[in-house]
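First up is the structure itself, then whatever we jot down about it.
Side chains included, hydrogens not; waters and symmetry mates left out as well; all remaining heavy atoms used. Here is the naming used below: chain letters follow the sequence lines, and residue numbers restart at 1 for every chain.
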Amino acid sequence: MNKTLFILLLITGFLQAKDAAETVSVMRIKYDGGGDWYGNKTTFVNLFERLKNITGIETTYKEQSASITDENFFSHPIAYIAGHGNIKFSDTEAQRLRTYLTGGGFLFADDDYGMDKSFRREMKKVFPELKFVELPFNHEIYHQHYDFPGGLPKIHEHAGGPPQGLGLIYEGRLVVFYSFNTDISDGCENEEIHNDPPEKRESALRMGVNILLYALTH
Amino acid sequence: MDNKKQIIFDSIRDYSRRKWNLALFAGILNSAALLLVIWLSTIIADSVFFFSTPTRWLILVLNSALTVQVLRWFVSEPLRHRLKIDDTRELLRAAHEIGYHFDQLSDRLVNSFQLADERNSGTSDQLRELAVTQIAENLKSIQVTSRLNLKKFLLSPLLIGSIFIGSLASAGLMPDVISVSMKRIFYPPGRFSRIPEYQFKIMPGNASLIQGEDVNIWAAYAGPAAKNIFLKIRSEKDSDWQTRELKKEDNYYRAALKNIRRPFSYYLQAEPEQAAEWSAFITSKPYLIEVKIPPVISELQAEIQAPAYTALPRQFPEKNVGDIFAYPGSRINWRISSSKTLQSARLVLSDSSALPVRVRENRIQAEFIPKQSISYFFELTDKEGIKNRKPIRYSITMLQDLYPTVEVLSPGEDIEIPNDVALNLEIEANDDFGFSVMQLHYQIISSVEGVGDSSWQMVRIPFDRKARKYVITNYMWDFSQLPLGYGDMIRYYVSVSDNDRISGPKLGKSPYYTISFPSLEKMFSEFSQKQEEKIDETGEITRQSEELRKELEKINRELKREKQLDWQRRKEIEAVAEKQKQIQERLEKIRKEMEEAINQMQENQMLSPEVLEKYRQLQEMFRELASPELLAALEKLQKALENMNKQQVQKALSQLKFNQERFKENLERTLELFKKVQMEQELDRLVKTAEKLAAEQEKLTEQLKNNNLTSEERSGLEQKQEQQKQSLEQLQKSMEMLSRDEMFASRPETQQSLEKSSEFIEERRLTRRMQDTRNQMGQGNTSKASETSQGVQQDLQEMSEQLKKARQQMLEQEKNMLMAKMQRTTRNLLNLSQGEEKLMKLSGKLSGFSDQFRELANRQNRLNENMSRAISELIDISKETFFISPEISKALGTAQHNMRKSVENLADRNQQAAGQNQKKAMAALNRAVMEMQNSMQMMQQSGSALGFEQFLQRMQQMAGQQGQLNQESLNFMQGKGNQGGLTSEQQAQLRRMAAQQNAIRKSLEQLHNEAGNRSDVLGRLENMADEMEKVVKDLEMLKIDRKTIERQQKILSRMLDAQKSVRERKFSKKRKAEVGRFYTRKSPKENQETVDKRKQALTKEMLRALREGYSPDYEKLIERYYRELNKKDLN
């Protein structure tokens, strides 16, 4: 019954959003625990612009923000979580996030460098039965619009070593994509913020587009 | 009496009946015998003499008459008597005969019979009764029919028997002849031809075959010429005869019958060339072929138990499928049921060997362990000794246990690293059934001339034994114990053996990789050379920038004289702008290349933290050269040129000129600092090299203390010592060169220290003593070598300390010099500020008509000149240190600007405006002084990790304070409970808490300002301040609720989080978004379950394909194809 209600809400939410503006957006998760959920302020501004330019998909100017327990959390098909610090979900939040993801939602998680341990711990509350698996380089998400034959691009050095694109797969469907040890979000920010080389920024934007398109089409 | 009478009558009747039955039967036999003789003899006579028709008529009539008579004699008479056995005369006759046979009865029976007959009435009843009773009594004990015997009625039993046997024999021997003659005799008018003589000799005649066998029927024929000989066949179930023509082969006739399944009868018939009446009679006698059914396998079930190392479960192929696919060493069991009870059975292999099997009734159990592909069949023998015909041949195909594969995932390529680091090897191994041993094989390739490569060494790599078929394991390879020297190389590969205990473990190898250990000297000199090139290039760019500035000035001047902007002028200006852009691009390229080189040095830990920090700051300076103002000015110029508006262009040009001058100044400053950092780095390099030498010599000394060195180990240590010597010689050369370098010309103490260190090497004969150590090792005198080495090590450590001291001294001197300069400049600025203040006061007292204006203007001018000098001094200082922040320059620029304006105002007698500008100039000067003081303080503290510890300390303090405040808030709220209003004490407490929170907020803001561009911390601190402000507002409004408490808790956890992340990331530039390097690696595998399923499906398909019955060559291709698919899939 709850699942049915959720799907109806999701559809209603989508329809409302569609009626209202026919635009796609992303919901940034506000979480407790002390971590900085609010960083990367220009990431989605740039990503949405790129997405619009290449696909014509109408998007909002920037992402929305909400806690998982907020009423409007379910109004977008893609959720986003990032930060440098501690993440904490309450039991209610874990349950709602699970409902969101199993009902068709998608979570893009990006480690800004420091959220890894707590993120994995909290996701275990959401999906106790699942483990993060590293996606192979031939996964569709790496070839959705742009090709990444070597898998996830390395944007920032963080802890050193190769980046990892991890996923939680629920009943055959990728519900969470977690980019670790690279920082796609930072790479998509305005140039002057991190002063990354142009090719790195381009890689980050391309990967970001791939993730969004994958989420929208799966 | 009636009873007794009845007894007498019954006895006599029984006798009579028996007698006449026997007589009748005998009569029939007698007459049959006689008739047989009569008729058979005439038939035989006919067959011999071939009677004519009249003769046959006569014979028939005579024989018929005789037949009648014989029947009359032998059959009708007894029959007649038999029918009248109740007749009195018959009974009397019988009674006579009985009396005759039995003396005890003699005539009495007759008499009694007559007396018993009541028609004889002359006798008394008593006499009658007595006689009857006596006879009756006698008759009870007598079997009256016992004397009757068939033989007595037969003519001659022997004869009759002979006649019958003879007749049968004749009929059996000559059936055709008898039958033909019989027809002739019984049908005299018939026209009969005489069957000519013929003979068939037939092989095999009657025979017994095994079901499925073939039989050839051979016949030889003698008789009337035959066109064809036919074979007539009829199986037992059929009613009709089938006809088949025999083939004539030489003088014989043959028919081949194949695969006889059922028993059948057959005979041969000749077809005469000329048809005759007797044509149908040229036949052989019939024969019978019997068929015996051999045993067959009715059910077969195989079971395959793979060898234990494969851990495969038992496999049961489909029932009745005997083709087996198994791994070598598999045990194969069969359970077989036969169609018949067996005597024995064997398992026969294609190599001609046969194995006995267990037989019980119709069941068989067999067992076999094949080692190679082979075919087989089961031979069954039933109780009659009949074997199964054409048994099905099955195959056992050996499957291949695949070779294991192993890959080095990380580094997975040839790399270059220092030899005192440990390298983590990430290794992936894979096998179909599991592996047993993983080993790392390596060989040291020496860079020293004349020293050959070492032999291959091997190290076992532990791995998780539970992961039998697939494992990724890490091995930390510590090179410190290996006899490696600078410039050496290691070639290595990883091998893995599988656990095949049947054919023996198979080996898989990874590709070969190399690890190079470049010499420190090489790395340093390459780096230095690159940096030198960068410096030269930056110098070149600086000169170009100066030329560009002159060009801009010229254009500006000429433009002022021109009325409008023409096309050529526009092109000239565009060219200048383009050159400026190119300069910036080149600088950006230099910055990137510098970054790469620095990263590489840092990876190999070749740079001290101080030098590294300076290089990072230098990079920042390169980045900041392309200031937003300069870029904006270029863009503005571009737009103005597009509009071809002369005024706009002139304005844009002056802006560009201004920014370009700043750019040039910054560039010059950057270049000077670059050279300075390079100088420090060179000294740093010497220190590092000396430290390394000392550390390596120490290792060598320790290793030499081992008395059980093998000759190979000793040889390795000798090489190392030789490399040490070469490195020391190189170090000495570097020290001499550096001491003569012009960059140290202004630092005589440092020059002297370098010369001293070089001399130290000579004085202590370090090179010589290293050679001695090597020689002692070569002589096998390791204890002496260890002693010498220890001495060398101590001296090297001393030299290293000297160099460190020299460096430290130089840095201290530099710092002191700079401090002195900065203090002087600060004093000058203070004087200027005081001067400006005095002037401001004087200006304020002037009236509009005073003649002091000119004097004051002159004084202001003098102050301006001093200001310019102070600015020049600052520019010079900024070329020597990073601690001159842009804020100082800005402040001085503002002060200068206002001072100039003040001069103009004083010249214009505008006292008010002059006063304001003087005030602004003073304020700017004061700001500059404060900034200078800050810079001096920071410089004083430098040498620590850029204030990292201080930052942490302050964060910790604030976090402690916040924690206490949080606790107080919580206690307050809990104490307040549901109480309505607040007491005055409570209100006061809340106000105090608000003030405390505000104080923490201010400390945080200050820290935030000092963090500057540390945007990794920036975000946290900024938002914390917002939250704190809200808490302060709540508390000031005497409001404290759950939300306030939650906010405070959030603040604290973010503080702790900020501390943690700063500590963990060491608050270095690296933490601030260091651009990621490129890492090569193999794609992670798909989920193992998915891979296993796919692999199983592939194997199943392969087995199915192999059962299709293709030729062996094709089967090999199929197997190879699937194996490649499997490998590709796993990869």
- Kindly check if the number of other-residue, nucleotide or ligand heavy atoms within 6.0 Å of NZ (A:Lys117) is above 12? no
- Check whether more than 12 heavy atoms from other residues, nucleotides or ligands sit under 6.0 Å from atom CD of B:Gln582, and answer yes or no. yes
- Query: Hey, is CG on A:Asp147 packed in by over 12 heavy atoms from elsewhere, all under 6.0 Å?
  - Reply: yes
- Query: Which bit of A:Ile169 comes within less than 4.5 Å of chain B, counting heavy atoms only: side chain, backbone, both or neither?
  - Reply: neither
- Message: Please check if the number of heavy atoms outside A:Glu199 that lie under 6.0 Å from its CD is greater than 12.
- Response: yes
- Measure A:Asn181 against the heavy atoms of chain B and call it side chain, backbone, both or neither at under 4.5 Å. neither
- Message: Could you report the tightest heavy-atom contact between A:Pro136 and B:Pro1084, atom names first, then the distance?
- Response: CB-O, 3.3 Å
- Item | Shortest non-hydrogen separation from B:Lys592 to A:Pro198 and the atoms involved | NZ-CD, 4.1 Å
